[in-house]
Amino acid sequence: MTREIKVYNTMSRQKEVFSPLEPGKVGIYVCGVTPYNDPHIGNARPFVTWDVIRRFFAKCGYAVRYIQNFTDVDDKIIRTANERGVTWKDVADQYIDAYFRVMDELNVRRADVYPRVSETIPEIIEMVQGLVDKGFAYELEGDVYYSVESFATYGKLSGRNLDDMMAGARVEVDERKKNPMDFALWKSAKPGEPYWESPWGKGRPGWHIECSTMSLKYLGKTFDFHGGGSDLIFPHHENEIAQSQAYCGGTDCFARYWVHNGFITIHGDKMSKSENNFFTVAEILEKYPGEVVRFFILQTHYRSPLDFSDERLKDAQAGLARLAKAKENLDALSAKNGDADTAAVLAESAEKAREAFFDAMADDFNTALAISHLFAVAKDVNVYYNEVVNHGQAFDAKNFARVRAAFDDMAEIVGILEKSAAKSDEDAEIDALVEERLAARKAKNWARADEIRDSLKARGIVLEDSATGTRWKRA
RNA sequence: GGCGACAUAGCCAAGUGGUAAGGCCGAGGACUGCAAAUCCUUUAUCCCCAGUUCGACUCUGGGUGUCGCCUCCA
């Protein structure tokens with residue numbers, strides 16, 4: 001907890017030293033998804049990123065409170081529901097389930113709370129009413145709009161001012177609004193739309209307001225981090241700031257650090273639902289394990305664009321396989337006994353690597369650099385494994401435990417190599433074949449040994465011989 | 001048009017005013033019955049021009065290129 005953590009704050013456009021609102025605690029609000037279709041890989045990036053950030057904070061000793069919303073009342077959800085002849089709730093529930101299924105595969109830990117718009121209506125109405133009362137919002141025939149001109153610092157986060165936005169921009173002109181940039185806090189219900197009773201009649205919340213209300217409800221007037229994709233900077237986060245600070249009555253309240261991740265692109269162009277150039281996480285998971293996808297995302301700094309392709313995923317898979325191999329070796333060695341003093345240097349360099357890993361994470365969550373230190377430990381482990389297992393060097397259990405602790409700390413933050421494989425019937429059969437081959441090799445019956453190896457290979461099983469036995473894995 | 005980001009080896013990707021992490025792929029070698037895995041060795045002067053500096057990939061200015069936000073969007 002004493003480690004200095006630096007964070008790039010979108011608000012100041014520079015790295016700042018993180019100083020928690022309350023010592024030892026971190027409050028995080030990340031904009032979640034609008035559940036109207038299956039999450040694509042671009043949607044997944046912020047959640048994987050924040051999953052690592054929160055794991056890091058936890059490892060540094062902070063008590064983390066992580067809130068992530070579902071915007072389950074929305075035009076697109078309603079439209080989808082009407083097209084399918086089901087309720088908006090059916091649609092939202094379906095895609096919230098899909099979201100969780102996919103995030104579980106990516107090994108993303110659950111948030112502390114997943115508030116939904118539909119469950120936060122009273123608080124939203126209260127906030128909208130408060131904004132009307134304070135003169136920041138006005139009603140128009142059942143709609144309530146936020147008056148951007150009433151908020152002096154509007155545009156601060158995204159670095160724009162109202163004049164710039166007006167010039168050249170062809171915003172839909174609604175003559176009733178005081179300013180074309182005014183946005184809806186509350187929308188009156190049209191036929192066929194879900195609605196809630198309010199002081200302005202039947203209606204539902206506009207976009208933006210839910211995040212202001214939910215963060216206030218679950219994290220308080222002021223909290224540490226607010227995150228999401230860069231495309232949310234404007235207008236979403238800009239509007240949240242306007243709402244929250246107007247409501248709370250001070251420009252020092254609301255989020256203290258704004259953290260925005262870059263986009264996932266495809267052939268260099270932003271992946272987006274509206275461009276229809278996206279891959280859903282689910283379809284990628286048909287070809288690659290979740291941790292490969294996760295690793296792929298984390299090998300690039302979160303603020304950089306990340307180009308998606310099958311080739312990159314394959315690269316990530318190959319790299320992760322090396323770490324997995326080291327983990328296997330780590331496990332195999334950890335099961336051994338031995339009191340020789342052969343791993344002291346190794347332990348020291350592993351702990352040094354862990355320190356470097358934490359330093360990298362503390363510098364604006366540089367997962368790409370951090371992971372390189374994990375590779376360094378992996379290499380050392382593999383070397384030591386060869387010495388002990390294949391060259392008969394005496395084992396040093398005490399110091400090796402330190403290596404393991406360092407490696408596990410790092411892997412846990414990255415969130416990889418955590419699954420433990422359960423033995424299936426097929427596994428047992430393969431074990432038996434491997435045993436038979438081992439016997440054949442002892443008898444120098446190379447023909448039979450190779451026959452078994454080839455037949456397994458045809459099934460996608462690769463064998464690895466060593467001085468002390470044979471291991472196998474699925475390719 | 002307004003605002004902003006980025007440009008590093010075959011591919012991906014960190015990075016610091018003082019002579020460029022890591023991963024993937026490729027090549028050579030060790031090990032192996034042969035393989036596989038592993039290990040060792042090996043692959044860049046950082047888009048272009050000008051400037052600041054003892055010294056810049058890293059700072060400043062200009063140029064070129066790519067991308068993003070300004071409308072729903074992670």
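The chains referred to below are lettered A, B, ... by the order of the sequence lines, with proteins before strands, and numbering in each begins at 1. No hydrogens, no waters, no symmetry mates; every other heavy atom, side chains included, goes into these values.
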Touch class at under 4.0 angstrom, heavy-atom based, for A:D307 against every strand present: nothing
Any A:R312 side-chain N or O less than 4.0 Å from OP1/OP2 of B:C12: yes
Sugar-phosphate, base or nothing in reach of A:F263, heavy atoms under 4.0 Å: base
Under-4.0 Å side-chain N/O to phosphate OP1/OP2 contact, A:R322 with B:A37: no
N/O (side chain, A:N386) to phosphate O (OP1/OP2, B:U38) under 4.0 Å: no
A:F57 and A:F225 aromatic centres sub-6.0 Å: yes
Sugar-phosphate only, base, or nothing, as touched by A:R437 at under 4.0 Å among non-hydrogen atoms: base
Touch class at under 4.0 angstrom, heavy-atom based, for A:A368 against every strand present: base
Contact check, side chains of A:R459 and A:L433, non-hydrogen atoms, under 4.5 Å: yes
Neighbour count above 12 (heavy atom, 6.0 Å) for A:K273 NZ: yes
Any A:N43 side-chain nitrogen or oxygen under 4.0 Å from OP1 or OP2 of B:A74: yes
Main-chain N/O of A:S212 paired with A:Q243 side-chain donor or acceptor, under 3.5 Å: no
Which residue lies more 5' along RNA chain B, comparing A:G32 with A:L320 via nearest heavy atoms: A:L320
Touch class at under 4.0 angstrom, heavy-atom based, for A:G227 against every strand present: nothing
Sugar-phosphate only, base, or nothing, as touched by A:I264 at under 4.0 Å among non-hydrogen atoms: base
Sugar-phosphate, base or nothing in reach of A:R453, heavy atoms under 4.0 Å: base
Euclidean distance, atom CD of residue A:E387 to atom P of B:A37 [Å, nearest integer]: 21 Å
Closest to side chain of A:N261, choosing from B:G33, B:A74, B:A21: B:A74
Sugar-phosphate only, base, or nothing, as touched by A:L232 at under 4.0 Å among non-hydrogen atoms: sugar-phosphate
Distance test, side-chain N/O of A:N390 to OP1/OP2 of B:U38, below 4.0 Å: no
Position toward the 5' end of RNA chain B (nearest nucleotide), A:H373 or A:G268: A:H373
N/O (side chain, A:K270) to phosphate O (OP1/OP2, B:C69) under 4.0 Å: yes
Phosphate-side-chain proximity, A:S466 and B:C31, N/O vs OP1/OP2 below 4.0 Å: no
Atom-to-atom span, OH of A:Y302 to C1' of B:A74 - whole angstrom: 14 Å
Below 4.0 Å: OP1/OP2 of B:C40 and any side-chain N or O of A:K379: yes
Side chain to side chain donor-acceptor pair (under 3.5 Å) between A:W88 and A:D72, worked out: CA-CA 8 Å; A:W88 62 271; A:D72 66 346; over 6 Å; no
Enclosure of A:Y288 OH (heavy-atom neighbours >12, cutoff 6.0 Å): yes
Rounded distance (Å) that lies between atom C1' of B:A74 and atom NZ of A:K76: 12 Å
B:C25 phosphate, OP1 or OP2, under 4.0 Å from A:K314 side-chain N/O: no
